[in-house]
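Reviewing the structure listed below.
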There are 2 protein chains.
Amino acid sequence: MTATPLPLAQSSQDAQGGACCAPIARQPLSEGDAAELAVLLKAAADPVRLRLLSMIGSHAGGEACVCDLTDAFDLTAPTISHHLKVLRTAGLIDGERRGTWVYYRIIPEAVNKLGALFTPLSEPVSA
Amino acid sequence: MTATPLPLAQSSQDAQGGACCAPIARQPLSEGDAAELAVLLKAAADPVRLRLLSMIGSHAGGEACVCDLTDAFDLTAPTISHHLKVLRTAGLIDGERRGTWVYYRIIPEAVNKLGALFTPLSEPVSA
DNA sequence: CTATGATTTAGATGAACATCGAACCAATAG
DNA sequence: CTATTGGTTCGATGTTCATCTAAATCATAG
């Protein structure tokens, strides 16, 4: 970050819950949007976190207890907890303690942002 | 990589050009699929590379010359070249030299894999 | 041959990251 | 209150990464 003094860089038609930006092949991403999306992607770009994400998202009721997640990996509990925190900090999941256990669920809006980003244009700009 | 000797881990219904896996909330990702997708995501999870990707994909004709890309960043040529190589190695873009200049274009199949991964289920599993 | 566009290599540096063990907090069960 | 079990936080460690400078390489055009 060399303190680039760009004046505009409006964050597309973001409404804090919708798709942040146009599909990647529609128009160049602004510097700000790219930074914002990179945070989301960096959180998802790990094999363990990807599996955690899909285990949580595909679990019955849309949520999963940490106790269900830990056993599927050859990692210590602190490491799993760390990965969950990365996902939570990025805004991809949300956690809630209910009694003894902590349950996590996916935040669909965040996943939608990524889905919309990589959605190909239906019309391939001729050729 | 501690040489995990997993025996099965079949790569879903991948056909080397289609969507690798089911959406993230449909079923748990296999260890192999997660690793494969993490490579793709890690390549995309950088502000500079995201912008490169969208600049290439949204450029007229579906391809962009490196000379068009370099000026948009405050980075040296080797650094841009490095980022392009990361994207190319991951299979997200493909480059071709025509005369003096090198042109890059997006590989749609790779982008589609990510799009399909983050596509939400149409039916939100009740609630 | 020379100049331009682009990639590569090598080395260096500072930041970010994945992982672990140990300590710590929260809630339930005796 | 005192275990015990479930999770998180806290350092520490070794690795990966982005970026630069500098130089070398390669391809093409003139």
Side-chain angles (χ1 to χ4, degrees), chain A residues 1-4 29 31 34-53 55-56 59 63-90 92-105, chain B residues 1-4 31 34-35 37-53 55-56 59 63-90 92-105:
Chain A
M1 324 238 172
T2 35
T4 318
L29 280 171
E31 209 168 328
E36 179 190 337
L37 289 166
V39 169
L40 231 50
L41 282 169
K42 227 146 71 146
D46 180 275
V48 173
R49 292 198 287 267
L50 226 34
R51 287 179 63 204
L52 283 172
L53 221 42
M55 288 172 75
I56 294 170
H59 204 268
E63 61 182 15
C65 165
V66 176
C67 57
D68 295 326
L69 305 171
T70 308
D71 298 337
F73 299 88
D74 242 2
L75 300 170
T76 62
T79 299
I80 297 292
S81 209
H82 159 72
H83 284 300
L84 288 171
K85 184 176 192 173
V86 171
L87 290 172
R88 186 156 32 95
T89 302
L92 280 165
I93 62 174
D94 190 22
E96 178 195 359
R97 162 164 243 132
R98 278 208 303 278
T100 306
W101 295 286
V102 176
Y103 296 87
Y104 282 97
R105 80 175 66 77
Chain B
M1 326 244 170
T2 34
T4 318
E31 208 168 329
L37 289 166
V39 169
L40 230 50
L41 282 170
K42 226 147 71 144
D46 179 275
V48 173
R49 292 197 287 269
L50 267 183
R51 287 179 63 206
L52 283 173
L53 221 43
M55 287 172 75
I56 293 170
H59 205 268
E63 62 183 13
C65 165
V66 176
C67 57
D68 294 328
L69 306 172
T70 309
D71 298 337
F73 299 90
D74 242 3
L75 301 171
T76 64
T79 299
I80 297 293
S81 213
H82 158 72
H83 283 301
L84 288 171
K85 184 176 191 172
V86 170
L87 290 172
R88 186 158 29 97
T89 301
L92 280 166
I93 62 175
D94 190 21
E96 178 196 359
R97 161 165 245 132
R98 278 207 304 280
T100 304
W101 295 284
V102 176
Y103 295 87
Y104 281 97
R105 81 174 66 77

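Side chains included, hydrogens not; waters and symmetry mates left out as well; all remaining heavy atoms used. In what follows, chains are A, B, ... by sequence order, proteins preceding strands, each numbered from 1. Every value quoted in this text rests on a predicted model; they were computed, and no experiment measured them.
- Contact check, Thr76(B) against dC20(D): a side-chain N or O comes under 4.0 Å of OP1 or OP2.
- Picking from dA27(D), dT7(C), dG7(D) the nucleotide with the shortest atom distance to the side chain of Cys65(A) gives dG7(D).
- At the phosphate of dC17(C), OP1 or OP2 sits under 4.0 Å from a side-chain N or O atom of Lys42(A).
- Under 4.0 angstrom from either OP1 or OP2 of dT9(D) there lies at least one side-chain N or O belonging to Lys85(A).
- The CG atom of Asp46(B) sits 11 Å away from the P atom of dC17(C) (whole-angstrom rounding).
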Inset, instruction - Walk me through it: do Tyr103(B) and His59(B) pass the test side chain to side chain contact (heavy atoms under 4.5 Å, CB included)? - result: CA-CA 11 Å; Tyr103(B) 295 87; His59(B) 205 268; over 6 Å; no

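- Taking CD of Glu96(A) as the start and CH2 of Trp101(A) as the end, the distance is 14.5 Å to the nearest 0.5 Å.
- Each of Leu92(B), Val66(B), Leu69(B) was scored for a side-chain contact (heavy atoms from CB on, under 4.5 Å) with Ile56(B), with one residue passing: Leu69(B).
- For Arg49(B), a side-chain nitrogen or oxygen approaches OP1 or OP2 of dA18(D) to under 4.0 Å.
- With rounding to whole Å, Leu52(B) atom CG is found 11 Å from dT7(C) atom P.
- Note that CG of Leu37(A) is 11.5 Å distant from CG of Leu53(B), once rounded to the nearest 0.5 Å.
- Taking the side chain of His83(A) as heavy atoms from C-beta on, and the options dG7(D), dA18(C), dT19(D), the nearest nucleotide is dA18(C).
- Summarising the geometry, the separation between CH2 on Trp101(A) and P on dT8(D) is reported as 14 Å, rounded to the nearest angstrom.
- At whole-Å resolution of the value, CG in Leu75(B) and P in dC17(D) are 18 Å apart.
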Inset, instruction - Begin from the C-alpha positions of His83(B) and Phe73(B) and carry the test side chain to side chain contact (heavy atoms under 4.5 Å, CB included) through to its verdict. - result: CA-CA 12 Å; His83(B) 283 301; Phe73(B) 299 90; over 6 Å; no

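- Note: CD1 (Ile80(A)) to C1' (dC20(C)) measures 13 Å, nearest angstrom.
- Listed candidates were dG5(C), dT8(D), dT7(C). Nearest to the side chain of Leu84(B) is dT7(C).
- Within the 4.0 Å cut-off from OP1 or OP2 of dT7(C), at least one side-chain nitrogen or oxygen of Ser81(B) is found.
- Between Thr100(A) and dG6(D) there is no side-chain N or O to OP1 or OP2 distance below 4.0 Å.
- Nucleic acid contact class of His82(A) (heavy atoms, under 4.0 Å, all strands): base.
- The side chain of Arg88(B) contributes an N or O atom lying less than 4.0 Å from OP1 or OP2 of dT8(C).
- Contact annotation: Tyr103(B) does not reach the phosphate of dA6(C) (side-chain N/O to OP1 or OP2, under 4.0 Å).
- Tyr104(A) comes within contact range of the sugar-phosphate backbone alone, with a heavy-atom separation under 4.0 Å but no base atom that close.
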